[in-house]
Amino acid sequence: FYSVYSSMKRTTCIFGNEIVLVPYQHEHVARYHEWMSNPELLELTASEQLTLEQEYKMQKEWADDDKKCTFIILERCRVTGIPSAIEKLENKRQKNSRSDPSSTHLSLFPILFKDDGFVFRNVDAMVGDVNLF
């Protein structure tokens, strides 16, 4: 169980009809820290206020921990720069899911495009995070 997530959290984007999950990476930390500066959110999540430096350290620790897996949730309609090959497969999947309710509603893709700035370009599409333990 953990080894699958350990590999996934570094190498996989999960595309759904409304959201895209991407591995929590260094590029996300500043926005995440901004969210976690909200006292109400800290209380709701039973979290402690961290400095930005502590947040970067925590992101690295979580990325290196095989028993923790964090994805950032991107609002699909705001995501830009999806490679055309993935976009074609996604369009086909969405068409099939509308005509066949039993078809999957998620697609997993390796991050073959990490170096092209995909994650950095889409920081503004961040709407949340999800942790799997």
### Message
Before you tell me yes or no, could you show the steps for Glu61 and Lys57 under side chain to side chain contact (heavy atoms under 4.5 Å, CB included), namely the whole-Å CA-CA distance, both residues' side-chain angles and the distance that decides it to 0.1 Å?
### Response
CA-CA 6 Å; Glu61 287 175 10; Lys57 182 179 177 188; 3.2 Å; yes

#### Entry: Exceeds 12 heavy-atom contacts within 6.0 angstrom, atom CE of Met58
no

#### Entry: Side-chain touch Met36/Leu42, heavy atoms, less than 4.5 angstrom
yes

### Message
I'd like to know if the side chain of Gln59 reaches the main chain of Tyr24, judged simply by a donor and an acceptor atom lying under 3.5 Å from each other, with no hydrogens or angles considered.
### Response
yes

### Message
Could you measure the distance from the CG atom of Asn131 to the NZ atom of Lys68? Nearest 0.5 Å is fine.
### Response
9.0 Å

### Query
Which heavy-atom pair separates Val22 from Cys13 by the least distance, and what is that distance?
CG1-SG, 3.5 Å

#### Entry: Distance (rounded to the nearest 0.5 Å) between Glu55 CD and Glu34 CD
12.0 Å

### Task
Kindly give the heavy-atom pair with the smallest separation between Phe71 and Ile14, and that separation in Å.
CZ-CD1, 4.2 Å

### Query
Would you say Ile73 and Met126 make side-chain contact, with heavy atoms under 4.5 Å?
no

### Task
Kindly determine whether Val123 and His28 satisfy side chain to side chain contact (heavy atoms under 4.5 Å, CB included), including the steps that lead there.
CA-CA 6 Å; Val123 167; His28 299 121; 4.3 Å; yes

### Query
To the nearest 0.5 Å, what is the distance between CZ (Arg31) and CG (Asp129)?
13.0 Å

### Query
Is there side-chain contact between Phe15 and Arg76, with at least one heavy-atom pair below 4.5 Å?
yes

### Task
First locate atom CG of Leu21, then atom CG of Leu74, and finally report the distance between them rounded to the nearest 0.5 Å.
8.0 Å

### Set of residues satisfying side-chain hydrogen bond (donor to acceptor under 3.5 Å, both in side chains) with respect to Gln54, sequence neighbours excluded
Thr51

